[in-house]
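Quick note: numbers below take in every heavy atom, side chains included, and nothing from hydrogens, waters or symmetry partners.
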Amino acid sequence: MFAIVVSKKDLAGMNIKQCLLKQFDFKPTGSRFEGSPIYSYKGITLYTTSEESINCEHIDKKLNAKLIVFATKHRSEAGRASLSVHAPGNWGKAELGGMPQKLCIAPALYMKAAFINLAENASHLSYEITLEVTHHGPYLTNTPCFFIEIGSSEKQWQDAEAGMVIARTIISTLLNKPQEAIPCIG
C-alpha cells in the first residue's frame, strides 16, 4: 500500500490532487480522512489533510501505508519555476515542522526513480528539476516518505500542466517499483 498526502491549505497540493483524479481512475473508498473523501487506485490511496503537510507529525500512524508521498508546494524567495523531490527531516532546528535533529526514513530508490521520472515527464516545461536538501517536517517514525513539489510561487502552484507532470510522476514511480540494488559479491 502506498499513500499520497495532499493538504487543503496547499494550492499546489490541491492542483496535484485534481490532476490525479482527472488523469487516473481513482475511486472513492467510501471512507473519510479528516473530513475529506479517501480515493484509491491500484494500491495507491489518496488522502487530503486539513494540516499543512510540514506539520503532519506522525501521520504514518494514521495511515495504512508502506510508503508516503507528500505532494506539495515549494516556496522560494527566488521565485524560480521548479519541480523538486526531497526527504523530510531537520538536520538542526525545527523551524518548519518536524523535530529538531530528526530525519525521516528516506526511500532512496523511490526518490531516485521519482527524480528521473520527473525530469523525463517535465522535459517540455520550463521548470528547473531539483533534488532538494532535507529541511522541514513532518517527522514520521515508522514509514519511509518523501516530498514531490511544485515551486516556487502561487503562479506555478496553480499551473495545471505542472500538476499533471507531478501526478504522472507519482503514479509511474509507485506502480513501476524501482529496482533494488544488486549486492556486491566478492
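T48 pairs by the side chain to side chain donor-acceptor pair (under 3.5 Å) definition with K17, not counting sequence neighbours. Annotation: salt bridge (charged side-chain N to carboxylate O under 4.0 Å, His left out) contacts of K22 (sequence neighbours excluded): none. The salt bridge (charged side-chain N to carboxylate O under 4.0 Å, His left out) test applied to E120 returns no partner, not counting sequence neighbours. With sequence neighbours excluded, no residue forms a side-chain contact (heavy atoms from CB on, under 4.5 Å) with A108. Checked against salt bridge (charged side-chain N to carboxylate O under 4.0 Å, His left out), E52 has the following partners two or more places apart in sequence or in another chain: K73. Not counting sequence neighbours, the partners of T173 by the side chain to side chain donor-acceptor pair (under 3.5 Å) test are N117. Every residue meeting the side chain to side chain donor-acceptor pair (under 3.5 Å) condition with H136, not counting sequence neighbours, appears here in chain and number order: H86. Residues passing the side chain to side chain donor-acceptor pair (under 3.5 Å) test with S53: none are found, sequence neighbours excluded.
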Side-chain donor/acceptor pairs under 3.5 Å, residues 157-168, sequence neighbours excluded:
{"unit_1": "W157", "atom_1": "NE1", "unit_2": "H74", "atom_2": "O", "d": "3.0"}
{"unit_1": "W157", "atom_1": "NE1", "unit_2": "I150", "atom_2": "O", "d": "3.3"}
{"unit_1": "Q158", "atom_1": "NE2", "unit_2": "E154", "atom_2": "O", "d": "3.4"}
{"unit_1": "Q158", "atom_1": "NE2", "unit_2": "E154", "atom_2": "OE2", "d": "3.4"}
{"unit_1": "D159", "atom_1": "OD1", "unit_2": "E161", "atom_2": "N", "d": "2.9"}
{"unit_1": "D159", "atom_1": "OD1", "unit_2": "A162", "atom_2": "N", "d": "3.4"}
{"unit_1": "D159", "atom_1": "OD2", "unit_2": "Y127", "atom_2": "OH", "d": "2.6"}
{"unit_1": "E161", "atom_1": "OE2", "unit_2": "H124", "atom_2": "NE2", "d": "2.9"}

Let me check something: any side-chain donor-acceptor pairs from residues 33-44 under 3.5 Å, sequence neighbours excluded? List them with distances.
{"unit_1": "E34", "atom_1": "OE1", "unit_2": "T49", "atom_2": "OG1", "d": "2.7"}
{"unit_1": "E34", "atom_1": "OE1", "unit_2": "S50", "atom_2": "N", "d": "2.8"}
{"unit_1": "E34", "atom_1": "OE1", "unit_2": "S50", "atom_2": "OG", "d": "3.1"}
{"unit_1": "S36", "atom_1": "OG", "unit_2": "K8", "atom_2": "NZ", "d": "3.2"}

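Shown here for N142 and D60, the closest heavy-atom pair between the two residues is N-OD2, 2.8 Å. The shortest heavy-atom contact between A114 and T169 is O-CG2, 3.4 Å.
Side chain of D10 to main chain of T72: no donor-acceptor pair is present (N/O by atom type, distance under 3.5 Å, no hydrogens or angles).
Counting only residues at least two apart or on different chains, no side-chain hydrogen bond (donor to acceptor under 3.5 Å, both in side chains) pair has a member in residues 88-113.
Expressed to the nearest 0.5 Å, how far CZ of F146 lies from CD1 of I105 amounts to 14.5 Å.
Other members of the cluster containing Y139 are M99, with ILVMFWY side chains joined at under 4.5 Å, either directly or via other members.
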